[in-house]
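Worksheet: the structure to be examined is printed underneath.
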Amino acid sequence: MSMTPELAALALAVIIVPIILAILLGTARHFSPKSYGRYTHDSYECGEVSVGDFQSPLPIQYYFFIMAFVVFDVDFVLLLPWAGSVRALGAGIFLDVVLFIAVLLGGLFYASKKGYMRWSSV
Amino acid sequence: MSDADRTPGPLQGIGGIIKGIWTIFLEGFKPKVTRQVPEEKLEYPARTTGRVYLNTETCIGCTLCEQICPNGTIRMVDFHFVKKPETDKKYPNKREIYPSVDVSTCIHCNLCEEICPTGAITLEADVEEIHFVRKNTRYTPEQLGKKEVELWGEERQ
Amino acid sequence: MIIFYILSLAAIVSALLAASSKNLLHSSLWLTFLVFDVAAIFFYLENFFISAIQILVYAGAIITLLLTSVMLSRRYQDAE
Amino acid sequence: MIPVESEASSKDGVKIIYVAKENILQFLKEKKDEGFDYLLMITGIDYKDHLEVVYHLLSSKSGERLVVKAKTDGEIDSVTSLWKGANWHERETWDLLGIKFKGHPNLKRILLAEGWVGHPLRKDYPMEKKQYVNLKEDGDDTVSFEKKEGY
Amino acid sequence: MSDNILVTTLDEALRWGTGKSLWPFTFGLACCALEMMSAMGSDYDWARFGSDVFRDSPRHSDLMIVSGTVTKKMAPRVRRLYDQMAFPKFVISMGACASAGGPYVRGYSVVDGVDQVVPVDVYIYGCPPRPESLIKALKLLQDRIADGKVKH
Amino acid sequence: MIRSHLRKRRGIEMQDKIVEVNFGPQHPSTHGVLRVKVKLDGEVIVDAQPVIGYLHRNAEKLSEMGYYPKAQIYVDRLDYAAALNMELGFVLSAEKLMDIQVPDRALWIRMMMVELNRIASHFIWLGTHGLDMGMLSPFFYCFREREKIFRILDEITGSRLLYNYFAIGGVYSDVTPKSLEMIKTWLSDFDKNLTEIENIFKKSYIYVARTKGTGKLSLDDTISYGVTGPMLRAAGKKWDLRKNKPYLHYDQINFDVPSQQAGDVYARMLVRIEEMHQSARIVAQVLDKLPAGDFYNKKYSKPMLVRIKATGESYIPTESPKGEFGIYLVGDGSAIPYRFRIRSPSFANLSAAPAMLIGYKIADMTATLSSMDPVFGEVDR
Amino acid sequence: MNLFFFLMSILYGILKFLHIDFVPFTSHGYPIGLWIAYLIVAVVEVILVFILAMLVVVILIYVFRKYMADVQNRIGPNRLGPWGSLQLIADVFKLIQKQDIIPTAADKTAYRVAPYLVFTPVVIGFMIIPFGNVSLLNLMVINFNYTILFLVATMIISPVGEIIGGLSSHNKYGMLGALRAAAQDMSYEVPMLISLISVIILAGSFNAQDIVIAQRHIPFVVPEFLGFIIFFLAVLGKQVFPPFDLPESASELVSGYSTEYSGMRYGIFYMGGFAGTALASLVIATIYFGGWEGPIFPGTIWLIIKAGVFMLIFLLIQVSVFRVRVDQFLDMGWKYLLPLSIVNLFISVGFALFAGGVF
């Protein structure tokens with residue numbers, strides 16, 4: 001397949017849609033009033049003054065979820081070429097795939113047994 | 001086992017969620033209860049409280065309403081008003097004082113109507129108590145006899 | 001051909017900016033741009049599969065990972 | 001046994017016991033052990049020449065009620081060690097009536113803004129003297145008598 | 001000439017848009033908040049006027065309904081919330097308390113009238129005003145914005 | 001001090017990297033103007049501190065400034081969701097103080113009205129509770145049902161929300177045959193409608209999973225904090241003043257006091273909903289037993305109300321929808337109350353909030369706060 | 001024939017009518033005139049699709065508000081236009097005039113970028129959806145191999161915009177919302193992609209068009225029922241829809257990641273959410289319910305009907321479920337959806353290998 005004009009249109013959409021949005025926002029900026037109140041640009045916090053650090057420390061469980069997520073996402077990518085041609089490849093390859101997934105799932109199961117996937121809760 | 005102790009299993013839970021969605025789906029076929037105010041005029045019961053109205057004919061200037069008013073909304077003011085002779089005999093207002101009401105602080109508590117010995121003060125449902133400027137909120141006894149629409153029209157100050 | 005050069009240049013520039021930006025959030029923004037840019041290069045080279053994978057894995061997973069790490073890091077904005 | 005100063009009865013038939021203010025903590029502890037496990041409220045009355053602290057107790061087993069009063073000149077022992085719920089009641093009594101509770105962990109104003117002048121439920125509180133509240137940059141309240149410095 | 005007409009028409013259209021789409025701010029203070037919720041509920045349903053999108057953040061909302069007593073401790077917060085709303089913004093002062101202090105007008109810690117804190121466009125008297133009162137006020141406000149009588 | 005103890009008990013450690021977030025005074029789920037200063041570790045609450053006073057309207061001071069009947073309007077505005085319950089607490093106390101007899105019919109009318117208002121109050125709670133749990137529809141159904149009650153109350157009292165209906169010595173107006181008819185038609189399908197709404201909650205797996213074990217308060221803590229009402233009953237104590245210390249004519253009426261053992265949000269929901277059913281039962285019985293006669297003590301003509309003098313002190317506890325409510329009145333022999341103290345249930349209930357919040361998640365916070373059903377007119381007074 | 005060539009022929013007709021011949025514009029043998037024509041058509045096409053997306057959003061929001069009113073025994077907007085249909089126009093007019101507030105403490109660049117990242121992928125997704133292949137003017141805009149991967153990619157990018165938006169606005173609720181958005185993104189992407197793999201296995205192709213054609217006899221929802229449920233739930237989770245609207249849960253975090261956004265920027269977030277919903281229902285209809293396949297009516301109408309049903313289901317779910325808690329949400333993703341999706345993968349492999357030529 002070659003680079004057809006319609007594919008170019010798809011690629012152009014990545015540029016054109018933001019431009020349309022930018023025009024929309026520009027129009028909005030043109031029409032919007034310019035006066036501001038004294039506290040307008042303060043951070044909103046239910047009417048109170050926002051004090052202290054706004055960043056919350058993450059629970060340690062997040063690290064596990066991130067890692068598991070990346071592992072499984074890459075796993076998904078490795079499965080994709082196989083998925084397109086399952087019929088051609090047949091059952092032999094399928095066993096390999098089962099093994100591959102079993103290893104991943106085994107890891108996940110181990111982690112959940114170890115309690116990495118539990119959120120601290122009373 | 002009581003209702004509080006039972007935790008539904010996953011299947012039961014999914015069934016419950018779907019049942020809930022179905023209940024709410026069925027609600028969509030029930031008749032609509034909306035009353036289209038302000039076009040649709042609602043009926044108010046006889047005892048409905050609302051803005052204070054004063055019948056200057058029957059007011060005798062006894063100051064009871066001023067005494068019972070919880071937050072000083074009612075204040076007696078000097079006001080000259082010529083009553084009809086027959087009512088003047090029955091309801092004399094010797095001191096020529098009549099209540100004036102600050103409608104912005106009036107809370108429609110009905111105490112003045114309850115205490116009024118001659119029934120001169122009444123509270124009636126008036127949904128027109130909408131203003132765009134906060135002034136002239138203390139109504140004179142004369143203004144107290146009129147409806148909000150009569151007083152201000154559509155152009156509410 | 002010109003398009004390829006433009007895309008490549010953009011990729012190099014955004015990569016440099018991502019590496020040199022002091023602000024972590026800006027850095028990851030440039031990296032997001034870089035990811036899309038590389039996907040566009042693959043797309044231009046008519047390798048749609050790799051292009052889609054680029055978006056799925058990098059934009060979907062790695063950038064999310066990165067932004068989460070930005071949230072983990074303390075006071076990323078003060079490093080001006 | 002803590003001596004009782006005097007006894008009376010309220011209109012709704014509940015016994016009122018007057019106790020010296022030094023003994024109040026001990027007395028209430030005794031009463032709590034007797035079964036008055038509920039502290040319904042703590043309040044105060046300003047009698048112009050002295051203040052009175054009033055404790056309403058309830059026994060959730062028998063349903064019996066008891067009112068304990070203590071005359072004070074503005075200071076009394078805190079009972080937060082006996083009932084956790086006493087915390088807010090005492091703070092409120094301090095806030096509105098100005099009765100100090102010794103041993104209270106956090107005796108600050110609770111209903112009014114921090115920095116308010118005077119205790120409003122005192123009979124001599126000047127109602128006509130308006131106070132105005134505003135927010136500081138760090139999120140705390142400020143109170144002033146000037147109208148332009150607050151709302 | 002035609003340019004002027006265009007500008008006027010556009011201006012009118014924009015005013016119409018502002019007026020007819022007032023998203024209220026979820027901001028209940030006291031008793032009147034319940035009547036505000038009633039006005040939102042099925043029986044009165046002010047969604048008919050396009051106000052069904054209750055917004056929880058002041059940045060998204062256009063209409064602040066001060067529904068209840070504004071105490072002195074709350075007043076600076078009300079001002080803050082009002083400032084954090086984006087223009088064009090409108091304020092309805094609902095009820096006797098918000099309009100003039102109501103039953104608490106003689107108290108020590110109540111602001112007598114929210115107009116000392118934020119600029120008010122509509123006052124509704126009554127304690128609490130009936131939901132139909134609020135809906136009528138909303139409608140009048142909408143019409144006045146569309147006519148260009150209320151500006152921000 | 002208490003909060004650090006709570007943390008220790010639940011095994012939570014304060015880190016140095018803690019973010020402090022304010023929820024309120026304007027927040028969709030704090031039911032008014034509560035502000036909760038929350039310290040968060042990720043999603044978990046490590047410290048919660050309720051800050052109140054944003055609706056302090058000096059009801060006590062203003063009541064001490066006027067005649068007895070005038071105080072009633074401030075009492076009305078305490079728990080504005082159930083104004084008649086508040087009025088009941090006041091008029092009972094004031095009548096006791098002044099030794100005023102009330103005709104029988106007025107007592108029965110009061111009972112009926114109070115129960116109607118209790119149902120309306122619980123409907124508000126149920127609707128906003130649904131809203132806090134993330135579902136929009138129950139709110140509208142609850143307000144639809146509540147509106148039916150309000151039409152009855154409007155017919156009898158003349159107001160929708162704040163009534164000023166109970167007078168010292170009776171009630172201000174009699175119930176009309178039309179309003180009795182309205183109540184009968186309302187009663188006929190109330191239980192069915194309520195069951196439909198409560199099933200949305202009870203049958204939902206998500207709701208049950210979120211509320212069971214959330215916001216737990218043990219019975220000892222409950223008593224120590226002075227918590228009363230449905231929260232106490234949900235913690236396992238069958239304590240209802242209508243049964244334990246009957247006022248009005250509650251001793252002549254059959255009703256059950258619901259109670260649960262768990263003391264969590266789910267138990268509170270069950271208790272409140274069962275209470276609504278029981279209230280409807282009470283209303284039905286009152287309709288049968290309503291005697292004829294005066295609705296107002298004729299000995300006290302209305303203008304005299306201003307001048308009634310009283311001495312002594314009285315406190316009549318009543319069971320309001322939130323818990324034990326009463327007004328402590330001290331008279332000094334004049335027509336003006338000398339001391340007017342409100343025992344508000346929400347104030348005591350809310351003081352137990354840290355014990356129910358610390359250690360749970362933000363999502364649990366909204367569920368717990370709404371399960372306490374605080375009304376800020378009453379908390380801040 | 002698709003939209004691009006349709007527009008191309010219109011342009012060609014116009015040029016013919018104006019007696020302009022664009023082919024001779026050449027330079028060193030390159031047909032620059034043709035390129036310019038292509039460019040114009042591409043721009044027009046993107047704008048058309050953008051308008052289509054906006055139209056879908058407007059209709060969806062209107063239907064949503066009306067339907068929500070319906071199940072709550074209300075009337076809903078009824079003042080502007082017939083049955084209140086102009087209400088959304090007024091809303092857009094209002095949003096355009098709203099002030100654009102950027103908090104002082106916010107990271108301005110990132111704050112500005114976020115709305116684009118939310119809305120742009122959705123429009124591109126609309127360009128890839130196969131709208132049909134038999135009608136005279138089918139709206140299938142672009143067809144090439146691996147379209148299904150790009151479709152899913154467009155659905156995956158928008159959470160990134162949400163995270164950046166919440167992160168940059170320097171707001172505590174926004175921060176928590178961004179965290180939750182990240183958690184959602186992480187937990188629900190994997191099951192979604194794995195159930196997509198199952199579909200690809202059955203269809204034997206990465207092309208959305210081929211996937212639709214493969215469902216000519218039996219829609220994939222029949223063999224892949226489990227996968228459909230997983231995909232549906234995952235889409236619910238990705239699209240910030242109840243019961244999984246944790247990142248912008250109103251009663252917990254005021255508005256989550258969009259708390260600080262005002263005016264049109266917020267409007268883009270608001271519309272982007274609905275556009276994402278529309279796209280998600282189109283994708284579900286395409287890969288599980290046979291897309292434009294159907295008797296009698298033209299394919300486009302079938303797709304719109306199928307997707308419309310799903311949009312209504314989404315809306316119904318929105319008003320009739322409680323919100324789940326964040327830990328339950330993650331538990332569901334990792335402990336139930338992920339293993340189930342792998343079970344489903346094996347089932348579909350079984351179908352593909354041993355069920356002969358049915359699929």
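Quick note: numbers below take in every heavy atom, side chains included, and nothing from hydrogens, waters or symmetry partners. Since the model is a prediction, treat every value here as computed from it, not as a measurement.
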Could you walk me through whether B:I107 and F:I73 satisfy the side-chain contact (heavy atoms from CB on, under 4.5 Å) test, starting with their C-alpha distance in whole Å, then the side-chain angles of each, then the deciding distance to 0.1 Å, before giving a yes or no? CA-CA 9 Å; B:I107 53 167; F:I73 66 152; 3.1 Å; yes
Worked check of side-chain contact (heavy atoms from CB on, under 4.5 Å) between F:Y163 and B:T49: CA-CA 9 Å; F:Y163 308 97; B:T49 57; over 6 Å; no
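- Ionic pairing of F:R151 and B:E43 is not present here: no N-O contact between side-chain nitrogen and carboxylate oxygen is shorter than 4.0 angstrom.
- Within the 4.5 angstrom heavy-atom criterion, only backbone atoms of F:I156 (N, CA, C, O) approach chain B.
- Residue-environment remark: CZ (B:R35) exceeds the threshold of 12 foreign heavy atoms within 6.0 Å.
- For a residue to count as touching a neighbouring chain, one of its non-hydrogen atoms must lie under 4.5 Å from one of that chain's; by this rule F:Q72 does not touch chain B.
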Could you walk me through whether F:K203 and B:I18 pass the side-chain contact (heavy atoms from CB on, under 4.5 Å) test, one step at a time? CA-CA 10 Å; F:K203 295 270 159 67; B:I18 290 171; over 6 Å; no
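- The distance from the CZ atom of F:R160 to the OG1 atom of B:T48 is 11.0 Å, given to the nearest 0.5 Å.
- For F:Y74, the part lying under 4.5 angstrom from a heavy atom of chain B is the side chain only.
- Only the backbone of B:C69 comes within contact range of chain F, with heavy atoms under 4.5 Å apart.
- Heavy atoms only, all atoms of each residue included: F:N164 and B:C109 are closest at ND2-O, 2.6 Å.
- F:K70 places a side-chain N or O within 3.5 Å of a backbone atom of B:Q67 that can act as its donor or acceptor partner.
- Here the NZ-CZ distance, from B:K30 to F:R144, works out to 5.0 Å after rounding to the nearest 0.5 Å.
- Using a 4.5 Å cut-off between heavy atoms, F:S159 contacts chain B through both its backbone and its side chain.
- One finds the CG atom of F:L136 at 9.5 Å from the CD1 atom of B:I24 (value rounded to the nearest 0.5 Å).
- Counting non-hydrogen atoms of neighbouring residues, nucleotides and ligands closer than 6.0 angstrom, the CD atom of B:E96 exceeds 12 such neighbours.
- Closest heavy-atom contact between B:R47 and F:S173: CD-OG, 3.1 Å.
- Taking CD of B:E27 as the reference point, atom OH of F:Y141 lies at 4.0 Å (rounded to 0.5 Å).
- B:I17 contributes atom CD1, which lies 4.0 Å from atom CD1 of F:I206 (distance to the nearest 0.5 angstrom).
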Run the numbers on F:Y67 and B:L111 for side-chain contact (heavy atoms from CB on, under 4.5 Å), then give the verdict. CA-CA 12 Å; F:Y67 301 123; B:L111 281 174; over 6 Å; no
